[in-house]
> 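First, the structure itself, so that you have it in front of you.
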Amino acid sequence: MEEIAQIKQRPGESPRLPGRVLPRAIFDASPELVAPRLLGKLLVHRTATGLLAGRIVEVEAYLGPHNRPPDPAAHAHRGPTPRNQVLFGPPGHAYVYAIYGRYFCMNISCESEGRAGCVLLRALEPVAGMQRMAANRGLSTNAPARQLTSGPSRLCQALGLTRMSHNGICVTSAKSMLQVRDDGFAVPEVRVTPRIGIKHAVDWPLRFAVPGHPCVSGPKQMRPI
DNA sequence: ATGCGGATGATCT
DNA sequence: GATCATCCGCATC
């Protein structure tokens, strides 16, 4: 197993967050370049009642309509709509959308303002607030980490991320309740595969994961070994 | 371990 | 009216 960062929080004391927020410039680039660089970084949700955080172990890139050829699986591929407007805004902002009537997925916008593109967060390794994550997911407190945050909607449920509260939030601001942070951890390896759960461009190699990590999502055959 | 079907509602054409 | 970047439970191997 891998080393797990300690994030301690004493009662009545604001937690000292590990590392530093990822600079916005990181996201001012093509999603296929940004995506692998997010592996190993921390997604941190600061709530009134405590910290929820996980290390990113699986992501997917979705390309903007300026890309040639266009990415038919991307929400932005036909241009701006009310739902996807965040993707055409500045980089480094959360794009949270509802899916299948009951779930949410979280992305981070990429590219300069005016251009779309994003990285979908597909799986985290839980790092802080596991007890609350289990409660948010309706699982018992001793549920394995994999059941908490392995899957794009599972991780949103575990961290309490919703469209109403989090869509459009900047993840590179020191004041933000939702941040991507770099604590210096480097993933040992990155594996590239096709994206999961889409019906178009099924062969494009735009999924990036830490091979062998137990929290990576997907059927076992699809999971990197 | 793998493969289905159903829940459930916003979004877009 | 159709689609959907999902999850869970249950059936079957």
Side-chain angles (χ1 to χ4, degrees), chain A residues 27 30-32 34-36 38-39 43 54 56-65 67 69-89 93-111 116-124 126 133-140 143-168 171 180 191-209 212 214-225:
Chain A
F27 298 98
S30 165
E32 53 197 314
V34 177
L38 295 185
L39 295 179
L43 180 66
I56 299 169
V57 297
E58 180 189 355
V59 294
E60 285 175 358
Y62 287 86
L63 311 181
N67 195 72
D71 177 0
H75 283 187
H77 95 280
R78 291 185 197 276
T81 68
R83 174 175 66 163
N84 68 21
Q85 60 175 339
V86 170
L87 298 180
F88 292 86
H93 288 244
Y95 169 53
V96 183
Y97 67 90
I99 189 168
Y100 297 110
R102 24 185 352 151
Y103 302 114
F104 297 99
C105 293
M106 171 175 170
N107 305 251
I108 303 175
S109 63
C110 299
E111 307 276 16
C118 62
V119 175
L120 170 70
L121 305 185
R122 282 201 61 92
L124 310 176
M133 290 186 192
N136 288 347
R137 294 263 301 117
L139 301 169
S140 67
R146 170 178 170 67
Q147 289 182 30
L148 298 179
T149 51
S150 172
S153 294
R154 286 173 173 177
L155 74 86
C156 284
Q157 193 173 36
L159 269 64
L161 306 179
T162 65
R163 169 173 161 83
M164 187 167 62
S165 299
H166 303 281
N167 188 47
V171 301
V180 177
R191 184 149 316 168
V192 188
T193 79
R195 295 173 291 187
I196 288 183
I198 55 170
K199 299 198 161 131
H200 303 290
V202 292
D203 295 334
W204 294 24
L206 292 177
R207 172 175 176 253
F208 305 84
C215 293
V216 169
S217 77
K220 192 169 186 183
Q221 187 180 5
M222 183 74 193
R223 272 186 298 207
I225 301 299

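The shown structure was predicted, so the numbers you read here are calculated from the model rather than taken from an experiment. So that the names make sense, note that chain A is the first sequence line, chain B the second, and so on, each numbered from 1.
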> Just the rounded figure in Å: distance from P of C:dT6 to CZ of A:Arg207.
11 Å

> Can you tell me the distance, in whole Å, between the CZ atom of A:Phe104 and the C1' atom of B:dA10?
10 Å

> Determine which bases of DNA chain B form Watson-Crick or G-U wobble pairs with both distances under 3.5 Å, and write the result as a 5' to 3' dot-bracket string with | for other-strand partners.
|||||||.||||.

> Which of the following nucleotides, B:dT2, B:dC12, C:dA5, is nearest to the side chain of A:Thr81?
B:dC12

> Which is true for A:Ala98 with a 4.0 Å heavy-atom rule: it touches a base, it touches only sugar-phosphate, or it touches nothing?
nothing

> Please report the interatomic distance CG(A:Leu155) to CG(A:Asn136), rounded to the nearest 0.5 Å.
12.0 Å

> Would you tell me if any nitrogen or oxygen in the side chain of A:Arg137 comes within less than 4.0 Å of OP1 or OP2 on C:dC7?
no

> Report yes or no: is the ring centroid of A:Tyr103 under 5.5 Å from the six-membered base ring centroid of C:dT6, with the two planes under 30 degrees?
no

> What does A:Arg102 touch in the nucleic acid at a heavy-atom separation under 4.0 angstrom: a base, only the sugar-phosphate, or nothing?
base

> Rounded to whole angstroms, how far apart are CG on A:Leu120 and P on C:dC4?
16 Å

> Using side-chain contact (heavy atoms from CB on, under 4.5 Å) as the criterion, list what pairs up with A:Ile198, not counting sequence neighbours.
A:Tyr62, A:Ala73, A:Arg195

> Please pick, from B:dC12, B:dT8, B:dA1, the nucleotide with the shortest atom-to-atom distance to any side-chain atom of A:Lys220.
B:dA1

> So what does A:His200 touch, heavy atoms closer than 4.0 Å: a base, only the sugar-phosphate, or nothing?
sugar-phosphate

> Under 4.0 angstrom, heavy atoms only, what part of the nucleic acid is A:Pro82 near: base, sugar-phosphate, or nothing?
sugar-phosphate

> Distance check needed: C:dC4 P versus A:Arg78 CZ, whole Å only.
10 Å

> Determine, answering yes or no, if A:Tyr62 is stacked on C:dA5 under the 5.5 Å centre rule and the 30° plane rule.
yes

> Tell me the interatomic distance from A:Arg83, atom CZ, to B:dG9, atom C1', rounded to whole angstroms.
12 Å

> Specify the separation, in whole Å, of atom CZ of A:Arg163 and atom C1' of B:dG9.
13 Å

> Of A:Arg154 and A:Tyr97, whose nearest nucleotide on DNA chain C comes first from the 5' end?
A:Tyr97

